[in-house]
Student: 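Got a structure here, written out as structure tokens. Questions coming.
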Amino acid sequence: MPTSLRSWMSAVSEIARAVNAAEPLEEVLNRVAVQARALIGFEFCAVMLADEQRQRLHIAGCSGLNPHYLAQVSGGRSLQIHPPGAALDTPAARAYREDRTIVVPDVRDAASYGRLQDLAPTKGYQALLASPLRGSGEKAGVIVAYSVTARDFGPPELELIELLGGQAALALETTRLRAEQQEVIRELSRANDELRRGRAVLEWAERQHHQLMQLVLDEVELTGLVGALATALRASVTVEDADGRMLARAPEHDYQPPPDLAARRAGPVRAALDHGEVGGRYQVVRVPGGTGGVAAAAWAAPVVLGSELAGRLWVTAPAAEPEPVQLRVIERFALVVALLLLQQRHVLDVRSRLSGDLLGDLLREGGPVHPQAVLDRAAAIGHDLSRPHVVALLAVDGVVPTTARLPELVRAAAEPGPLPLVGSYDGLHVLLQPAEPDPGDALRRVLAKTAQAVGGRGVGGVSGVVTMVAGPVARDAAGYATAFRVARGALALHLSGGPDGGFIDAGALGLSALLLETGAPDALRRFSARLLEPLEAHEQRRGGDLIATLSAWLAAGCSTAAAAQALVVHRNTVTYRLGRVEQLTGRRLADSSTRLELQMALMIRDIAEVNPV
């Protein structure tokens, strides 16, 4: 059936307008099918495309076909391009395979197309044309036109179906090119966005660098530095020392701490957190969230002084995972934190030297020559020595590692309480600790932390045994020298039997302190042994807790009932044991001089044999 040039040009123009308007491919192919029906006079038309594997044909556009028929040639039931036999072959598949137009005047006579026997009755067509979509590239599919009556097709009809197939192929190529062009445009747009974002990140990093330099010039303290970084990253920021003690944190509200110990010890980040190095260089490491992944992930930057890991800078729960440029900013902040810590260390060193000079004048034999001048110097470095202070001594037997900086250890262990005045005098580390509140716990923390730092007993052998003596309270400038001599005497007495380390409380000895101040350690030990040796020998042979009973009785003011209550025994038991003490020592406990001598002997024994930490 011939068609006019006007009709043909109109059809081509409509298809071209659809393509140029960037209509969806399905709509364009539907228009091709509609034009095929109108130009050639078919009842139905379908445009079929091959899948990516070139195994099956599926309908991509159609006109006049009902959903039931479309379901029969879709999914797993679509037309096979290379069927295993004639029973599954179709004219559309053959047209695609052979790249030529296939004519079927009457499907009832088309014995070589087995699937037509199922498909044709469904839709009610009896003749069809199938022509490949010929374009400049690989075949894309076929166009199939159906007639409800059997008919012969002349050259004009064959020419029209092939021309429409070409138009469909052209529409496909144009759509593909347009899609590729749009993808290129999108890629360029994404690249531009990435460039703009990258420029914004670089500008942000530059601003942070300038701000950091301004903070350094303004000599801002650690809290201000941490607050600035927390604001810039919209995250929680924490600075801690190498032992995990918090030095500063920000922000004040909605703060999130770094991951817990379990998260820090898991995986390859452990070495980086312990030593600060990753792959031979110091850098920021990512640490997963806490146990079970409940806590947010964090980033840790090592704070390094020389080759020593002095602490860590933590960034927790940022608004977005830091980019490489932001990680460099974190590293810069960690460097400035190191400078601040170095400055603080320098201040501590200066204070330690000043404290040593001060202690030399304060603890000299006979006390300070100008007491008020010494008190004024102490006040200038932040210590009011006019208030009562405990005079404590810290002694280390062994080599102290260069990394164990005792002034820093003492300061870290004493917090959050009042800080002691620390310095060296007469070969000992002297701590003047405010007497209120009770400094016992703080001094014990100093002892434990120092022992850990220098490598105490049981850590790779004896590389450093630490002893802490808590001496008497000095209540005025003249009392510090006396308290120092008492504490030094207690230390000498304890060390005369060997460096066992431990904590010695020599602060409430009363008259007995005179022995420690003036007596020789060996003479004191001989005095104690002479009195108590009979009791110790008896206990080794037969037991009996004679020394413990005697000590409890003297501490209870020589009250048998009070001693029995303290020992949780019957008072007759106490009476019997005290009788044995008199028999073994050959002394009467009713004699006040005997009681005083025994009390001093027990005191010397306790100091000399204090248990190590």
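All residue numbers in this chain count up from 1 along the given sequence. Only this structure's heavy atoms are used, side chains among them; waters, hydrogens and symmetry mates stay out.
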Student: Is there a donor-acceptor contact under 3.5 Å from the side chain of Thr231 to the main chain of Gly227?
Tutor: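 Yes, the answer is positive, given that a donor and an acceptor are paired below the 3.5 Å cut-off.
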
Student: Roughly how far, to the nearest 0.5 Å, is the CZ atom of Phe333 from the CZ atom of Arg328?
Tutor: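 Arg328 atom CZ to Phe333 atom CZ measures 14.5 Å (nearest 0.5 Å).
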
Student: Aromatic rings Tyr425 and Phe484: how do their planes relate, parallel, tilted or perpendicular, breaks at 30° and 60°?
Tutor: perpendicular

Student: Would Leu421 and Ile381 satisfy side-chain contact (heavy atoms from CB on, under 4.5 Å), going step by step from the backbone distance to the final call?
Tutor: CA-CA 9 Å; Leu421 187 152; Ile381 58 176; 4.3 Å; yes

Student: Restricting to non-hydrogen atoms, name the atom on Ala548 and the atom on Leu567 that form the minimum distance, rounded to 0.1 Å.
Tutor: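 For Ala548 and Leu567, the tightest heavy-atom pair comes out as O-CD2, 4.3 Å.
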
Student: With a 4.5 Å cut-off on side-chain heavy atoms, are Asp361 and His370 touching?
Tutor: no

Student: Are there more than 12 heavy atoms of other residues, nucleotides or ligands under 6.0 Å from atom CD of Glu221?
Tutor: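 Count not over threshold, so no.
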
Student: Any chance you could lay out the side-chain contact (heavy atoms from CB on, under 4.5 Å) test for Thr549 and Val569, step after step, and finish with the verdict?
Tutor: CA-CA 10 Å; Thr549 301; Val569 298; over 6 Å; no

Student: Tell me, do Ile330 and Leu233 make a side-chain contact under 4.5 Å, heavy atoms counted?
Tutor: yes

Student: Return yes if some donor-acceptor pair links the side-chain N/O of Gln433 with the main-chain N/O of Pro418 below 3.5 Å, else return no.
Tutor: yes

Student: So Leu358 and Leu354, do their side chains get closer than 4.5 Å, heavy atoms only?
Tutor: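 Side chain of Leu354 against side chain of Leu358, heavy atoms only: no contact under 4.5 Å found.
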
Student: With heavy-atom distances below 4.5 Å as the criterion, would you say the side chains of Leu359 and Leu432 are in contact?
Tutor: yes

Student: Run the side-chain contact (heavy atoms from CB on, under 4.5 Å) check on Trp299 and Glu321 step by step: do they pass?
Tutor: CA-CA 9 Å; Trp299 284 258; Glu321 184 158 331; 3.4 Å; yes

Student: Rounded to the nearest 0.5 Å, what's the gap from CG on Leu313 to CD on Glu331? Could you check?
Tutor: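 Those atoms lie 11.0 Å apart.
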
Student: Calculate, to the nearest 0.5 Å, the distance between atoms CG and CG belonging to Asp384 and Leu375 respectively.
Tutor: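 The CG atom of Leu375 is 8.0 Å from CG of Asp384, to the nearest 0.5 Å.
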
Student: Closest heavy-atom contact between Leu362 and Ala477?
Tutor: CD1-O, 3.9 Å

Student: Do Trp553 and Cys558 have side chains that approach each other closer than 4.5 Å (heavy atoms only, starting at C-beta)?
Tutor: yes

Student: Under the side-chain contact (heavy atoms from CB on, under 4.5 Å) rule, what do Val430 and Val422 come out as? Steps first, then yes or no, please.
Tutor: CA-CA 6 Å; Val430 182; Val422 183; over 6 Å; no

Student: Considering only heavy atoms from C-beta outward, does the side chain of Ser236 approach that of Pro251 to under 4.5 Å?
Tutor: yes

Student: Any chance you could measure Gln256, atom CD, to Thr238, atom OG1, to the nearest 0.5 Å?
Tutor: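 So the gap between those two atoms works out to 10.0 Å.
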
Student: Show the nearest heavy-atom pair for residues Val315 and Ala235, with the distance to one decimal.
Tutor: CG1-CB, 3.8 Å

Student: Working to the nearest 0.5 Å, report the span between CG of Asp476 and CG of Leu385.
Tutor: 11.5 Å

Student: Provide the closest heavy-atom pair for Pro258 versus Thr316 in the form atom of the first, atom of the second, distance.
Tutor: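 Pro258 and Thr316 have their closest heavy atoms at CA-OG1, 3.7 Å.
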
Student: About how many Å separate CG of Leu546 and CZ of Arg577, when rounded to the nearest 0.5 Å?
Tutor: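 CG of Leu546 is found 7.5 Å from CZ of Arg577.
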
Student: Arg377 versus Asp357: any side-chain heavy-atom pair under 4.5 Å?
Tutor: yes

Student: Show the nearest heavy-atom pair for residues Val390 and Pro439, with the distance to one decimal.
Tutor: CG2-CG, 3.7 Å

Student: Does any part of the side chain of Glu582, heavy atoms only, come nearer than 4.5 Å to the side chain of Leu578, both counted from C-beta?
Tutor: no

Student: To check you understand the geometry: which heavy-atom pair defines the closest contact between Ala562 and Ala556, and what is its length?
Tutor: CB-CB, 3.7 Å

